[in-house]
There are 2 protein chains.
Amino acid sequence: MKYSKATNYALHTMVYLLTLPRNSTIGVQSLAEMQNLSPTYLSKILTKLAKGGLIESTPGVKGGYKVSKPKDEISFLDVIKTVEGDSNLFHCSMDHNEGCMIERVMTEAEQNMKDDLDNKFLIDIAHDMEEKNSNTIKGKANEGN
Amino acid sequence: MKYSKATNYALHTMVYLLTLPRNSTIGVQSLAEMQNLSPTYLSKILTKLAKGGLIESTPGVKGGYKVSKPKDEISFLDVIKTVEGDSNLFHCSMDHNEGCMIERVMTEAEQNMKDDLDNKFLIDIAHDMEEKNSNTIKGKANEGN
DNA sequence: GATATCAAAGACTCATGTTGTCCTTGATTA
DNA sequence: TAATCAAGGACAACATGAGTCTTTGATATC
Ligand code: SF4
Ligand code: SF4
């Protein structure tokens, strides 16, 4: 019962993408270097994020990734749901499920967490990181046209 | 990122134990039968619950398990923490952890879930199950002396 | 049009954790 | 002493996560 590392990578990548100027892109190569992990693995995660509509990718020489939503609308939950999936933490396989109290309590509690995560936005983290940009991750992005 | 089956088993077992009359015990054999699972596996879970102080076990012929706390004080969180462990869902291995915003957001959200789970008590589920005791699990307990 | 640069995707391996079994040990009651 | 209970270690089976390698396909630049 833990968040996967992929979620961690996804969050950091998204935060970094939010610090980039509008219309500039950055490749998976650079993104992977910053976090010291394999480009191919990160690529799979980014593909997920792209399919989830959070980022978009352009192939080719000056290609790369950039966010594809208004920067202030991307919540933690958006990222987590995309990477981890959006099924419930607790689910019972039994079929007499009619108004099961246990499942209900568990799901309601989980919803509290999700509600909170849906109200925390990555842009705030990005701003915070930019302020104390001392030891934060850095990379070179492609200039936007 | 899911609750383990062990948590499910633990919750159901605890709920059932709460329906038993004071000072009566029931063996892992019967408990396992009700839930259609192996006694030895359930035994490990129950041992965890025992070490966590939620239940206590007495060996020997008329032995078995019974709750070892006031029945109305056992929360969902008590059980979950004992089975799943109480570490955080999100944890970053980096050491520049000084006031990390990401981890903070994630942990705070998790805390909301935990707070809720700590305010939901198993005894209420047990009462609810007793009311509509139609299709609920049943077993024979040892009479209390 | 050839080439370099990018993402996407499938197949695969490796690590880890969950789930479960088997067998032994040890305590308690009858 | 024998039957009945839990505790625990060792192990196997399985699922999932984590990561690598390689191929394919799209795009821009020259
Ligand atoms: S009571 Fe609820 S959690 Fe338990 S077996 Fe039935 S549906 Fe599943
Ligand atoms: S910013 Fe926070 S979550 Fe990210 S690497 Fe640093 S400590 Fe970990």
Side-chain angles (χ1 to χ4, degrees), chain A residues 1-10 13 17 24-33 35-52 54-66 68 80 83-85 87 89-91 93 139-145, chain B residues 1-10 13 17 24-33 35-52 54-66 68 80 83-85 87 89-91 93 139-145:
Chain A
M1 177 66 170
K2 285 217 169 297
Y3 284 110
S4 67
K5 290 190 176 183
T7 293
N8 188 317
Y9 300 152
T13 305
L17 289 181
S24 72
T25 64
I26 184 173
V28 67
Q29 198 70 29
S30 312
L31 289 168
E33 275 176 17
Q35 308 180 50
N36 292 319
L37 55 96
S38 129
T40 39
Y41 182 45
L42 182 59
S43 171
K44 292 186 185 308
I45 301 171
L46 294 181
T47 300
K48 260 190 175 179
L49 293 173
K51 287 191 174 175
L54 295 179
I55 62 179
E56 61 189 53
S57 67
T58 55
V61 173
K62 279 286 191 179
Y65 294 96
K66 64 175 181 179
S68 66
I80 295 170
V83 176
E84 301 269 346
S87 63
L89 264 47
F90 183 92
H91 182 59
S93 50
K140 50 183 175 183
N142 303 323
E143 301 149 6
N145 44 348
Chain B
M1 175 68 167
K2 284 217 168 301
Y3 283 109
S4 66
K5 290 189 177 183
T7 293
N8 188 317
Y9 300 151
T13 305
L17 289 181
S24 72
T25 65
I26 185 173
V28 67
Q29 198 69 29
S30 313
L31 290 168
E33 274 176 19
Q35 309 181 51
N36 292 318
L37 56 96
S38 128
T40 38
Y41 183 46
L42 183 59
S43 172
K44 292 186 187 307
I45 300 170
L46 294 181
T47 300
K48 261 190 176 180
L49 292 173
K51 287 190 174 177
L54 296 179
I55 61 179
E56 60 190 55
S57 68
T58 55
V61 175
K62 278 287 190 178
Y65 293 97
K66 65 174 182 181
S68 67
I80 294 170
V83 176
E84 301 268 345
S87 62
L89 265 47
F90 181 93
H91 182 60
S93 50
K140 49 183 175 182
N142 303 323
E143 302 147 6
N145 41 350

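The chains referred to below are lettered A, B, ... by the order of the sequence lines, with proteins before strands, and numbering in each begins at 1.
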Output the rounded distance in Å from [atom1] ([X]) to [atom2] ([N]).
{"X": "A:M1", "N": "C:dT19", "atom1": "CE", "atom2": "P", "answer": "12 Å"}
{"X": "A:F90", "N": "C:dT18", "atom1": "CZ", "atom2": "C1'", "answer": "16 Å"}
{"X": "B:L37", "N": "C:dT19", "atom1": "CG", "atom2": "C1'", "answer": "11 Å"}
{"X": "B:L54", "N": "D:dA6", "atom1": "CG", "atom2": "C1'", "answer": "17 Å"}
{"X": "B:I55", "N": "D:dC5", "atom1": "CD1", "atom2": "P", "answer": "16 Å"}
{"X": "B:K5", "N": "D:dA13", "atom1": "NZ", "atom2": "C1'", "answer": "13 Å"}
{"X": "B:K62", "N": "D:dA3", "atom1": "NZ", "atom2": "P", "answer": "17 Å"}
{"X": "A:L42", "N": "C:dA9", "atom1": "CG", "atom2": "C1'", "answer": "15 Å"}

Give a yes/no answer on whether the side chain of [X] brings an N or O atom under 4.0 Å of OP1 or OP2 in [N].
{"X": "A:S4", "N": "D:dA18", "result": "yes"}
{"X": "A:S38", "N": "D:dT20", "result": "yes"}
{"X": "B:T47", "N": "D:dA7", "result": "yes"}
{"X": "A:Y9", "N": "D:dG19", "result": "yes"}
{"X": "B:Y41", "N": "D:dA6", "result": "no"}
{"X": "B:T58", "N": "C:dA27", "result": "no"}
{"X": "A:K51", "N": "C:dA9", "result": "yes"}

Exercise. Quick one: CG on A:L42 to CG on A:L31, what's the gap to the nearest 0.5 Å?
Worked result: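 Going from CG on A:L42 over to CG on A:L31, the span is 6.0 Å.
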For this session: Please round to the nearest 0.5 Å and tell me the distance separating atom CE of A:M1 and atom OG1 of B:T7.
Result: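 So the CE of A:M1 and the OG1 of B:T7 are separated by 8.0 Å.
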Exercise. Backbone N or O of A:P39 within a donor-acceptor pair of the A:Q29 side chain at under 3.5 Å?
Worked result: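 Pair absent, no side-chain N/O of A:Q29 close to backbone of A:P39.
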Exercise. Short question: side chain of B:T25, backbone of B:G63 - any donor-acceptor pair under 3.5 Å?
Worked result: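 Here the side-chain-to-backbone pair exists.
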Problem set entry | B:V61, nearest nucleotide to its side chain (from D:dT4, D:dA6, C:dA7) |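 Nearest listed nucleotide: D:dT4.
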Problem set entry | Residue A:Y65, side-chain heavy atoms: nucleotide from C:dT28, D:dA28, C:dA8 that is nearest |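 Among the listed nucleotides, the one closest to the side chain of A:Y65 is C:dA8.
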Exercise. Is there a side-chain contact (heavy atoms from CB on, under 4.5 Å) between B:F90 and A:N8 once you walk through the steps?
Worked result: CA-CA 8 Å; B:F90 181 93; A:N8 188 317; 3.7 Å; yes
Exercise. When you match B:Y3 and B:G60 each to their closest nucleotide on DNA chain C, which lands nearer the 5' end?
Worked result: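 By nearest-heavy-atom nucleotide position, the 5'-most residue is B:Y3.
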Problem set entry | Contact nearer the 5' end of DNA chain D, comparing A:A6 with A:P59 |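 Taking each residue's closest nucleotide, the earlier one in sequence belongs to A:A6.
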Exercise. Across the strands shown, which category fits A:T40 at heavy-atom distances under 4.0 angstrom: base, sugar-phosphate, nothing?
Worked result: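 Here A:T40 touches the bases of the nucleic acid.
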Exercise. Does a donor on one side chain and an acceptor on the other come within less than 3.5 Å for A:T58 and A:K66?
Worked result: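 No pair is found: no donor N or O on one side chain lies under 3.5 Å from an acceptor on the other.
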Exercise. Under the 3.5 Å rule, do the base of D:dG9 and the side chain of B:K44 count as making a donor-acceptor pair?
Worked result: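 Looking at the base of D:dG9, it does pair with a donor or acceptor on the side chain of B:K44 (distance under 3.5 Å).
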